[in-house]
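Heads up, the thing below is written out as structure tokens.
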Amino acid sequence: MTVVGPFGLSVRDQALEADVQTGLAAVEAGLLDATKSDVPFITEAAQHLVLAGGKRFRPLLVMLAAQFGDPYSPGVVPSAVVVELTHLATLYHDDVMDEAAVRRGVPSANSRWGNSLAVLTGDFLFARASHTLADLGPEAVRIQAEAFERLVTGQILETAGPVDGRDPVDHYLDVLGGKTGSLVAVSCRFGAMMSGADESVVDILTQYGERLGVAFQLADDVLDIASEGHESGKTPGTDLREGVPTLPVLRLRAAAAAHGRPEDLELVALVDSDLTDDARHAEALRRLRAHPALEQARRDTVRYAEEARAMLAPLPDGYAKSALQELCDAVVHRAG
């Protein structure tokens, strides 16, 4: 039994382990090749986050989904490179929008080279993803374009906020479906599709990926409040300090609006205050950890993970299915 991929996923079959490890190594080589330029500075900037590492969650899903067809099909590895390049490109852009100073333990591209070059480097990665994608056929291009549209729409909706009368929690879940769920779904879809899996299997794995992607982000939301350490890769309370409206905070606001309890209203006021003050930030974290809103956000996370797991039921039993199920369990474990 070998641990690979994010969350310490355990692969219990030597043949599957070999396929996954070989596939991920080929993806890593493909990422380095796709981010090379005749201009050395562009290569340096484009490989900045590739070399910083990362979970490679999306390529892992491509490899596992490909097990339901021919995992050695020539389109599998390039499609995994496409989804990871797309993901990396969004990180460059996200860091500019968020004014982030650090990404994956290294200075963000925007803090190192400035916003303009960070945005242009993200654009360069999108262009290289499109170049690789073109060799995979018009159907793959269409699927990726639709997912990218959803991803950008999710980002726009997040920036704009909910329209009047729209439930902020429903709005937020729609945002996550676009920003995170869409590309995770495509990862599963490409793996199955490129391997020649049956169309019904492709559809099942696509729906699985959509739900898993949302659960993955919701678990990070919970960890931002609940974690005492650095399980999410960020200092606990980072999103809270920066005023990012994660699900526990949205659930708190909903409870305060619905019931008007003084303690809830007081906590909302604290969360909305200047949390750059360490004492105030620590107090907000302490009170949120004890509030029912956090447990409700955990239940939301578990619900999406369980829906993802349930989608796998019609698939034939085997080590690949077990690994996909274990990813659902790992997300639930992360959320506590």
Side-chain angles (χ1 to χ4, degrees), residues 20 23-24 26-27 30-31 34-35 55-94 122-157 173-217 304 307-308 311-312 314-315 320 324 327:
V20 170
L24 291 176
V27 170
L31 289 171
T35 49
K55 298 182 181 73
R56 302 294 189 255
F57 179 44
R58 292 155 190 81
L60 173 65
L61 287 169
V62 174
M63 297 304 139
L64 291 175
Q67 292 293 320
F68 294 89
D70 175 9
Y72 312 111
S73 179
V76 172
V77 168
S79 69
V81 171
V82 167
V83 292
E84 188 66 10
L85 281 175
T86 303
H87 172 59
L88 288 169
T90 66
L91 297 184
Y92 281 79
H93 287 181
D94 283 352
D123 293 344
F124 176 81
L125 294 178
F126 283 130
R128 286 300 176 90
S130 298
H131 187 273
T132 302
L133 188 65
D135 294 332
L136 299 178
E139 178 67 3
V141 172
R142 182 187 64 79
I143 290 168
Q144 176 74 355
E146 289 174 353
F148 191 49
E149 179 183 344
R150 287 190 60 208
L151 193 157
V152 174
T153 299
Q155 183 64 71
I156 292 171
L157 288 174
L173 292 173
D174 282 349
V175 165
L176 295 191
K179 277 190 63 178
T180 306
S182 61
L183 197 57
V184 176
V186 164
S187 301
C188 293
R189 186 171 184 177
F190 274 169
M193 187 176 88
M194 295 300 166
S195 74
D198 185 82
E199 188 60 39
S200 63
V201 172
V202 175
D203 184 57
I204 286 168
L205 289 169
T206 302
Q207 294 184 58
Y208 162 85
E210 177 91 19
R211 288 158 178 80
L212 184 69
V214 174
F216 175 78
Q217 182 56 56
Y304 273 92
E307 286 178 4
M311 290 305 307
L312 299 172
L315 296 180
L324 293 172
L327 281 173

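Just so you know, these numbers use all the heavy atoms, side chains as well, and skip hydrogens, waters and symmetry mates. Sequence positions, counted from 1, serve as the residue numbers for this chain.
The nearest pair of heavy atoms linking R58 to S187 is CB-OG, 3.2 Å. The two atoms that bring C188 and L205 nearest to each other are CB-O, 3.2 Å, heavy atoms only. Heavy atoms only, all atoms of each residue included: F68 and V201 are closest at CB-CG1, 3.8 Å. Among all heavy-atom pairs drawn from L212 and F57, the shortest one is CD2-CZ, 3.7 Å. The minimum heavy-atom distance linking V76 with G191 is given by the pair CG2-O, 4.5 Å. Closest non-hydrogen pair, L136 versus P78, comes out as CD2-CB, 4.0 Å.
S79 OG to R189 CZ: the interatomic distance, rounded to the nearest 0.5 Å, is 12.5 Å. Taken from CG in L315 to CD in Q67, the straight-line distance is 12.5 Å, to the nearest 0.5 Å. The line from OG of S130 to CD of Q144 is 7.5 Å long, rounded to the nearest 0.5 Å. In this structure, OG1 in T180 is found 7.5 Å from CG in L151, a value given to the nearest 0.5 Å. Summarising the geometry, atom CZ belonging to F216 is positioned 4.5 Å from atom NZ belonging to K55; distances are rounded to the nearest 0.5 Å. Atom OG1 of residue T35 and atom CG of residue L31 lie 7.0 Å apart, to the nearest 0.5 angstrom.
Shown here are the side-chain contact (heavy atoms from CB on, under 4.5 Å) partners of A26, two or more places apart in sequence or in another chain: V77. Residues meeting the side chain to side chain donor-acceptor pair (under 3.5 Å) test with D94, sequence neighbours left out: none. The side-chain contact (heavy atoms from CB on, under 4.5 Å) test applied to L157 returns T153, H171, V175, not counting sequence neighbours.
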(request) Show your working on side-chain contact (heavy atoms from CB on, under 4.5 Å) between L183 and F148 and close with a plain yes or no. (result) CA-CA 8 Å; L183 197 57; F148 191 49; over 6 Å; no

(message) With side-chain contact (heavy atoms from CB on, under 4.5 Å) as the criterion, how do Y208 and L327 come out once you've worked through the C-alpha distance, each side chain's angles and the decisive distance to 0.1 Å?
(response) CA-CA 11 Å; Y208 162 85; L327 281 173; 3.8 Å; yes

(message) What verdict does the side-chain contact (heavy atoms from CB on, under 4.5 Å) test give for M193 and E139, after you've listed the backbone C-alpha separation in whole Å, the side-chain angles of each residue and the deciding distance to 0.1 Å?
(response) CA-CA 10 Å; M193 187 176 88; E139 178 67 3; 4.3 Å; yes

(request) Would you sort out whether H87 and V83 count as a side-chain contact (heavy atoms from CB on, under 4.5 Å), showing the intermediate values? (result) CA-CA 6 Å; H87 172 59; V83 292; over 6 Å; no

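One finds no salt bridge joining E146 and R150 here, because no Lys/Arg side-chain nitrogen approaches an Asp/Glu carboxylate oxygen to under 4.0 Å.
At a threshold of 4.5 Å between non-hydrogen side-chain atoms, the residues Q155 and T90 do not count as touching.
Here the side chain of S195 pairs a donor or acceptor atom with the backbone of A192 at under 3.5 angstrom.
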